[in-house]
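What you are looking at is a predicted structure, and each value in this text was computed from that prediction instead of being measured. For this chain, numbers begin at 1 and follow the sequence in order.
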Amino acid sequence: MRAVIQRVSSANVAVAGDVVGEIGQGVLVFLGVGQEDSEADADWLIERIVKLRIFESEPGGRMDLSLRGIGGEALVISQFTLFGSLKKGNRPSFNRAAHPQQAVPLYEYFVERLSQTLGQRVPTGVFGERMHIEAHNDGPVTLVVDTKERDF
């Protein structure tokens, strides 16, 4: 699994003009599922996300608080393009991304487990739909995490 994690003061996602998910302070997670991914990858990534110390205890201070530490929220957006490859030209190839039959259950598992871990509902976009995301980046703080490259 590959995730782009952005610290936000708020974010929302709309499908066909209707807001389907929104959060206040927390993280916006763009999540890609690869062909080699499993529930173990989801579990590892969830623990990583909730323990990331990317929030400040005082304005301008050190990033010493986690999502759990601030009682923050998470918004998860499916993003198969995170597995895009440009090795063979200018049009991305997405053949490393999982097919929907594999990706949807893992995506849903990820969201359900993240909700359980945070003790709150985690809003999402709609898998496979065209979405419009508004985010108020805080910092900005943006990290890329890949479960297959854990030392990244």
Side-chain angles (χ1 to χ4, degrees), residues 1-55 63 66-68 70 72-118 120-152:
M1 292 185 146
R2 191 169 286 163
V4 173
I5 304 157
Q6 295 181 330
R7 184 177 77 179
V8 297
S9 56
S10 65
N12 71 61
V13 58
V15 176
D18 294 324
V19 173
V20 296
E22 61 186 323
I23 62 168
Q25 184 182 26
V27 292
L28 170 58
V29 179
F30 293 100
L31 180 69
V33 179
Q35 291 179 0
E36 306 294 320
D37 291 332
S38 67
E39 289 181 356
D41 291 297
D43 292 336
W44 181 88
L45 183 57
I46 289 164
E47 283 303 307
R48 198 75 175 133
I49 290 170
V50 300
K51 291 179 180 178
L52 282 174
R53 294 182 350 175
I54 59 172
F55 298 92
M63 292 190 287
S66 67
L67 184 62
R68 187 180 278 153
I70 65 159
E73 300 176 275
L75 172 62
V76 178
I77 307 294
S78 62
Q79 182 93 36
F80 77 94
T81 60
L82 291 177
F83 280 94
S85 171
L86 295 171
K87 287 183 180 180
K88 294 185 178 181
N90 295 323
R91 183 181 314 179
S93 167
F94 302 109
N95 56 358
R96 292 185 297 163
H99 292 283
Q101 302 91 312
Q102 176 192 6
V104 170
L106 275 174
Y107 172 77
E108 290 173 349
Y109 175 86
F110 179 89
V111 172
E112 180 181 326
R113 295 284 295 132
L114 182 57
S115 294
Q116 291 170 352
T117 302
L118 291 175
Q120 60 183 296
R121 181 182 162 276
V122 171
T124 66
V126 179
F127 192 95
E129 292 293 325
R130 184 177 202 86
M131 295 175 268
H132 296 275
I133 296 109
E134 288 185 11
H136 295 264
N137 288 317
D138 183 13
V141 174
T142 303
L143 300 168
V144 178
V145 180
D146 190 312
T147 61
K148 303 301 188 223
E149 298 178 34
R150 295 182 180 188
D151 62 345
F152 186 80

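- By the 4.5 Å heavy-atom criterion applied to side chains, L45 and V145 are counted as neighbours.
- Listed by chain and residue number, E47 satisfy the salt bridge (Lys or Arg N to Asp or Glu O under 4.0 Å) test with K51 (two or more places apart in sequence, or in another chain).
- In plain terms, the two heavy atoms of T142 and Q6 that are nearest each other are OG1-CG, 3.6 Å.
- Residues in residues 82-92 take part in no side-chain hydrogen bond (donor to acceptor under 3.5 Å, both in side chains) pair, two or more places apart or across chains.
- P123 and A74 make their closest contact through CD-O, 3.2 Å (heavy atoms, listed as atom of the first residue, atom of the second, distance).
- Here the side chains of L31 and V111 are not in contact, with every heavy-atom distance at 4.5 Å or above.
- A pairwise comparison of heavy atoms in I54 and M63 identifies O-SD, 3.5 Å as the closest pair.
- Residues passing the salt bridge (Lys or Arg N to Asp or Glu O under 4.0 Å) test with D138 are R7, sequence neighbours excluded.
- Of the possible polar contacts, none joining the E73 side chain to the I23 backbone as a donor-acceptor pair under 3.5 Å is found.
- Rounding to the nearest 0.5 Å places CZ of F30 at 6.5 Å from CD1 of I77.
- Summarising the geometry, atom CG belonging to L106 is positioned 13.0 Å from atom OG belonging to S78; distances are rounded to the nearest 0.5 Å.
- Within the 3.5 Å criterion, the main-chain N or O of N95 finds a donor-acceptor partner in the side chain of Q35.
- Atom CZ of R96 has more than 12 neighbouring heavy atoms from other residues, nucleotides or ligands inside a 6.0 Å radius.
- In this structure the side chain of V8 never reaches within 4.5 angstrom of the side chain of H136, judged on heavy atoms.
- Contact between G17 and A14 at its shortest, heavy atoms only, is C-CB, 4.4 Å.
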List the steps, then state whether side-chain contact (heavy atoms from CB on, under 4.5 Å) holds for L118 with L67.
CA-CA 9 Å; L118 291 175; L67 184 62; 4.0 Å; yes
Start with the C-alpha distance between L28 and V13, add both sets of side-chain angles, then the distance that settles side-chain contact (heavy atoms from CB on, under 4.5 Å), and finish with yes or no.
CA-CA 10 Å; L28 170 58; V13 58; over 6 Å; no
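- Side-chain N or O atoms of S115 include one that pairs as donor or acceptor with a backbone N or O of V122 at under 3.5 Å.
- Checked by atom type and distance alone, the side chain of R2 pairs as donor or acceptor with a backbone atom of L82 at under 3.5 Å.
- Looking at S66, its side chain never comes within 3.5 Å of a backbone N or O of R53 through a donor-acceptor pair.
- Note on residues 96-117: pairs passing ring pair (Phe, Tyr, Trp, His ring centres under 6.0 Å), not counting sequence neighbours, are Y107-F127.
- Every side-chain contact (heavy atoms from CB on, under 4.5 Å) that E22 has, sequence neighbours left out, goes to N12, V19.
- Between V50 and L114, some side-chain heavy-atom pair lies under the 4.5 Å cut-off.
- Between the OG atom in S10 and the CD atom in E134 there is a gap of 8.5 Å [rounded to 0.5 Å].
- Note that CG of D37 and CE of M1 are 5.5 Å apart. Values are rounded to the nearest 0.5 Å.
- F94 pairs by the ring pair (Phe, Tyr, Trp, His ring centres under 6.0 Å) definition with F80, not counting sequence neighbours.
- Contact annotation: the side chain of L75 never approaches that of V29 to less than 4.5 Å [non-hydrogen atoms, C-beta and beyond].
- At a threshold of 4.5 Å between non-hydrogen side-chain atoms, the residues E108 and E112 do not count as touching.
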